[in-house]
Amino acid sequence: MIEITFPDGSKKTFNAGVTPEDIARDIAEGLRKKTVAAYLDEELYDLNRPIERSGSIRLITKDDEEAFEILNHSTAHLLAQAVKRLYPDARFGVGPAIDEGFYYDIATESTIKEEDLPRIEAEMRRIIKEQVPIEREVVKPEEARRRFADDPYKLEMIEAFDEEEPITIYKQGEFVDLCRGGHVGNTRHIKHFKLLSVAGAYWRGDSSREMLQRIYGTSWFTKEGLDQYLELRRERKERDHRKLGKELKIFMIDEKAGKGLPIWLPNGYTVRRVLEDYVYRLERKAGYLHLSTPVLGTQQLYEISGHFQHYRDDMFPVIEDEDENFVLRPMSCPHHALVFDSELRSYRELPLRYAEIVTQHRYEASGALTGLERVRAMTLTDAHIFARKDQIKEEVLKAYRLIQQAINDLGLEIEYVELALRDADKEKFHPDDELWDEAEQVMHELLDEAGIEYESKRGEAAFYGPKIDIQVRTALGHVITMSTVQLDFLLPERFELTYVDKGGERRRPVLIHRGLVSTWERLMSILLEQYKGAFPVWLAPIQARLIPVNADVHGETVQALHERFIDRGLRSEVDLREEKLGYKIRDAQTQKIPYQLVIGDKEQENDQITYRRYGSKEEVTLTTDAFLEMLEQEIRDKH
RNA sequence: GCCGGAAUAGCUCAGCUGGUAGAGCAACUGACUUGUAAUCAGUAGGUCACGGGUUCGAAUCCUGUUUCCGGCACCA
C-alpha cells in the first residue's frame with residue numbers, strides 16, 4: 001500500500017501500481033474525464049503510469065496550462081507516428097510542445113509539402129481511432145542505443161544525455177520515441193488538432209548542420225478552443241503591419257531602392273516626427289544631452305571598439321579610400337566614446353548621458369528581413385551613459401524606469417524582462433573573467449533590489465557585457481526585444497577613457513548602452529499592430545478630417561476651421577471633394593482617422609462642429625472651442 | 001544565408017486539364033449638389049516579376065534569377 005497526499009493535505013491509501021487516472025476516478029468520474037496527467041511530488045506522471053511509492057499528488061486537468069503542453073506534446077508524437085507510416089524512411093529530430101502548439105523535426109528523402117498535410121492529418125485521425133495506448137518505459141543507455149540503432153538523431157541525443165539519468169522511451173503501437181514525457185496515455189484523448197505549416201529547421205539549431213523538415217501544428221481539448229485559435233491566427237494576419245502599413249500609406253519598400261531599406265511615406269513620417277519629439281523631450285527631462293554624429297566612420301574606429309572584428313560580416317562592405325577605409329556605422333557607441341574623451345572629465349560631471357537620434361546600417365541576412373520589423377537601415381534614439389562604478393545601479397535603474405514610462409506612454413506592455421549573461425563560449429565574449437563577474441553581479445543585484453522580475457539567459461549577452469532586454473509581444477505573436485540596458489566595462493578600456501576622481505586619480509568610467517524603444521522602424525511595426533492602424537490621437541498622422549455638408553455653402557468655414565486647427569498645432573485635413581457625405585465619412589473611417597468633423601448650416605451659424613469618433617456611430621455636437629479643448633486634453637493624456 | 005511556398009491592372013483577387021487576360025475598388029471624364037460607412041454612367045489601365053527553354057501556340061509546362069511570404073540560423 002502507498003499513501004497519497006492531496007493538495008488540501010488530506011491523505012488516502014491506495015494499492016501500489018495505482019495510476020493518476022484511477023486516483024482521479026476515485027474522487028469523481030467528472031474529474032477523471034478532465035484529468036490529463038499528474039505531478040507526484042515534482043515528478044510528472046502520465047495518466048496511465050503506475051504509482052509505486054507514496055507522495056503528494058497534484059492532478060493536472062484540462063484547465064491547467066501544463067495540460068495544453070502535454071496534449072500538444074502527445075500530438076507531436078502522433079504526428080511522428082503518422083509520418084513514419086506514410087514515409088517509412090523518416091527519421092526524427094526533436095518534437096516538443098511550444099507556446100501555441102507543437103512541432104516535429106523530420107528527416108526524409110521525400111519533400112513534405114503543405115499540400116501533404118491533410119493526408120498526414122487523415123493518418124493521425126486513423127491512429128486516434130485505433131485507440132493506441134501510449135506506454136512509458138525506463139531503459140539503460142545501452143538499451144536505448146540498441147533500440148534506436150538506425151536513427152542517428154536519437155543516438156546523438158542519447159550521447160548528449162547524462163549517463164546517470166535513466167532514459168525514458170514511449171511506445172505507441174509500432175512507434176517508439178525517446179522522450180521525457182508526460183503524455184495523455186492513449187491516442188484517443190487527442191481530438192481537435194490541425195497541422196499548420198512546414199518549414200526548414202537546422203538539426204540542433206546549428207546552421208552548420210543539416211536541415212530537417214519541421215511540421216508545425218496545434219492541438220486543443222475542445223473544438224471551440226481550436227476554432228478560436230485558428231480565428232486568432234486569421235485576425236493576426238489582419239493586423240500585420242505590412243498590410244496596414246500599405247493600406248494607411250505609412251511606408252513602402254521598393255526593391256529598386258533596396259530590400260530592407262524602407263521609405264517613410266508622409267503619414268508614417270508624421271508619426272515618426274511625433275515620436276522623435278516625444279522621446280527628445282523625455283530624454284531632456286531625464287538629463288540626457290543630445291548630439292549628432294556622422295553616418296560614416298573609419299574602419300579603425302570600429303576596430304578600436306572591437307565591433308569590426310565581431311560583426312564584420314553583418315556590416316555593409318567597407319568603402320575603400322586611398323589611405324583610409326570607411327564603414328557605414330552599425331552603431332554609435334564609438335562616436336560617443338570619442339565625445340567623452342574630447343575633454344578632461346571630472347568625477348563631478350558624471351554621469352554623462354549622451355543621446356542621439358541616429359541612422360544605422362546593418363547588413364542583415366536576407367532571410368531575416370521582414371517589413372519594418374527587421375531592416376538594413378534604421379533610425380533610433382540611441383544613448384550612452386558614462387558613469388562611475390558607484391553610479392551603475394542608479395543609472396541602470398533610471399534607464400529602466402525611463403523605458404518603462406515610454407512603453408507605457410505608447411500603450412504597450414512589457415512581456416517579460418531578460419538578463420542576458422555570457423556562457424563559456426570564448427569566441428563570443430571578451431575574455432576578462434573579472435570584469436564579467438563584476439558586471440553580472442551588479443546587474444543581478446540591482447534587479448533584485450528593485451524587485452524587477454526577470455529571466456536569466458546564459459549565452460545571450462553582448463560580447464562586451466551583460467544586458468537587460470525588455471521584451472514585448474507583437475500582435476503576430478512574436479516576442480521581440482524592444483528596449484535594452486547594457487553594462488559595458490570593455491569599451492572604456494579599449495578607448496582608454498578616464499575621468500579624474502576626488503583624489504586626483506585617473507579612473508575608468510563604465511559605459512551603459514541604452515536602447516529606449518527599439519528603432520522607429522520596429523516601433524512603427526509594433527504600434528501599427530498594437531492599434532490595428534487606428535493610432536491614438538497624439539500619434540495619428542491626421543487627427544481630424546473636416547467635412548462640409550455642402551462644399552459650396554460650408555467650404556469656406558471648413559477651410560477657416562482647418563487653419564485654426566493647424567495654428568494650434570493640430571493635424572487636420574479638409575475634404576472638399578464632390579462626393580456624398582456618406583462616402584466621405586466612410587473614406588475617413590477606412591483611413592482610421594480618429595475624428596471626423598461635419599460642418600453644416602447649424603454648425604456654421606453657431607461656431608460648432610459635429611464629431612464622430614473612429615469606430616463609433618455616435619454623433620456629438622460641440623462648440624469648436626469645447627471640441628479643441630477636448631482634443632488637446634486627449635493629446636496630453638496620450639489617448 | 002538555408003528549407004519550403006508564392007508572384008496576374010495602383011489595391012484585393014478570378015483565370016479547369018496549354019488556345020493568346022477578367023471582376024470589384026482606386027484613377028480619369030461627365031452627370032448628380034448632397035446631414036454621417038460606397039450616387040450613376042462612361043473611359044483608360046497588363047512585356048501575366050524577369051531571362052531562357054518545350055510547343056503550331058505558354059499567365060498556365062520545364063529551367064535559371066529576383067523579390068516577397070512561412071520557418072530556421074543570425075540580431076552589437
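Chain naming here is simple, since letters A, B, ... match the order of the sequence lines and numbering starts at 1 in each. The shown structure was predicted, so the numbers you read here are calculated from the model rather than taken from an experiment.
- Taking the P atoms as reference points, B/C28 lies 45 Å from B/C72, given to the whole Å.
- For A/Ala365, the side-chain atoms get nearest to B/G1 when compared with the rest of B/G1, B/A76, B/G35.
- Look at A/Tyr202 and the base of B/A73; the rings do not stack under the cut-offs of 5.5 Å between centres and 30° between planes.
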Hey, what are the protein-to-nucleotides 44-48 of chain B N/O distances that come in under 3.5 Å?
none

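- Here A/Asp313 lies out of heavy-atom contact (under 4.0 Å) with every strand.
- Two residues are said to be in side-chain contact when any heavy atoms from C-beta on lie closer than 4.5 Å; A/Glu460 and A/Leu421 fail this criterion.
- Residue-to-nucleotide contacts include no donor-acceptor pair under 3.5 Å from the side chain of A/Arg204 to the base of B/A73.
- Across all strands shown, A/Arg612 has heavy atoms under 4.0 Å from base atoms, whether or not it also approaches the sugar-phosphate.
- If you take atom P in B/U63 and the same atom in B/U54, they sit 15 Å apart, rounded to whole Å.
- Nucleotides B/C50 and B/C32 are separated by 46 Å at their C1' atoms, to the nearest Å.
- For the pair A/Ala199 and A/Lys617, nearest-nucleotide mapping onto RNA chain B gives the more 5' position to A/Lys617.
- Regarding contacts with the backbone of B/C69, every side-chain N or O of A/Lys237 stays at 4.0 angstrom or more from both OP1 and OP2.
- Put simply, the side chain of A/Arg376 does not reach to within 4.5 Å of the side chain of A/His361, judged on heavy atoms.
- For the atom pair A/Thr484 OG1 and A/Met482 CE, the distance stands at 12.5 Å (nearest 0.5 Å).
- Among the heavy atoms of the strands, none lies under 4.0 Å from A/Gly306.
- Nucleic acid contact for A/Ile547: none, since no nucleic acid atom lies under 4.0 Å from a heavy atom of the residue.
- With ring centers used as reference points, A/Phe627 lies under 6.0 Å from A/Tyr595.
- Residue A/Arg242 has a polar side-chain atom (N or O) positioned under 4.0 Å from OP1 or OP2 of B/C69.
- Neither OP1 nor OP2 of B/C2 sits under 4.0 Å from any side-chain N or O of A/Ser207.
- Annotation: B/U8 and B/G15 have their C1' atoms spaced 9 Å apart (nearest Å).
- Annotation: B/C56 and B/G1 have their C1' atoms spaced 44 Å apart (nearest Å).
- Residue A/Glu460 is classed as having no contact, given no heavy-atom separation below 4.0 Å to the nucleic acid.
- Within residues 580-592 of chain A, the residues that have a heavy atom under 4.0 Å from RNA chain B are, in order of number, A/Lys580, A/Leu581, A/Gly582, A/Tyr583, A/Ile585, A/Arg586, A/Gln589.
- Checking side-chain atoms of A/Lys154 against main-chain N and O of A/Gly93 turns up a donor-acceptor pair under 3.5 Å.
- Between A/Phe463 and A/Phe429, the ring centre distance reaches or exceeds 6.0 Å.
- Paired runs in RNA chain B that reach 3 or more consecutive Watson-Crick or G-U pairs, where each pair keeps both distances under 3.5 Å, cover B:1-7 with B:66-72, B:10-13 with B:22-25, B:27-31 with B:39-43, B:49-53 with B:61-65.
- Only the P atoms considered, B/A58 is 44 Å distant from B/U39, to the nearest whole Å.
- For the OP1/OP2 pair of B/C72 and a distance below 4.0 Å, the side-chain nitrogens and oxygens of A/Tyr216 include at least one atom meeting the criterion.
- Separation of the C1' atoms belonging to B/A38 and B/C75 is 45 Å when rounded to the nearest angstrom.
- Nucleotides B/U17 and B/A6, compared at atom P, are 14 Å apart to the nearest Å.
- Taking 3.5 Å as the limit, the base of B/U33 and the side chain of A/Glu578 contain a donor-acceptor pair of atoms between them.
- Among the heavy atoms of the strands lying under 4.0 Å from A/Ala201 are primed sugar atoms or P, OP1, OP2 only; no base atom is included.
- Side-chain contact check for A/Ile599 versus A/Ile547: every heavy-atom pair is 4.5 Å or farther apart.
- Using a 4.0 Å heavy-atom distance criterion, A/Lys256 is classed as making no nucleic acid contact.
- Using a 4.0 Å heavy-atom cutoff across all strands shown, A/Glu247 reaches no nucleic acid atom at all.
- Contact annotation: side chain of A/Arg374 to base of B/C74, donor-acceptor pair present below 3.5 Å.
- Nucleic acid contact for A/Tyr103: none, since no nucleic acid atom lies under 4.0 Å from a heavy atom of the residue.
- Along RNA chain B, the nucleotide nearest A/Gly260 and the nucleotide nearest A/His361 are compared for position; the residue whose nucleotide lies closer to the 5' end is A/Gly260.
- Nucleic acid contact for A/Thr111: sugar-phosphate only, since backbone atoms but no base atoms lie under 4.0 Å from a heavy atom of the residue.
- Between A/Lys259 and B/U67, a side-chain N or O to OP1/OP2 separation shorter than 4.0 Å is present.
- No close placement of the A/Tyr416 and A/Tyr454 rings is indicated, their centers lying 6.0 Å or farther apart.
- A/His384 has its ring centre no less than 6.0 Å from the ring centre of A/Phe340.
- Distance from the side chain of A/Asp314 is smallest for B/C74 among the nucleotides B/C74, B/U12, B/C72.
- A cation-pi arrangement, defined by a distance under 6.0 Å to the six-membered ring centre and an angle within 45 degrees of its axis, is present between A/Arg214 and A/Tyr103.
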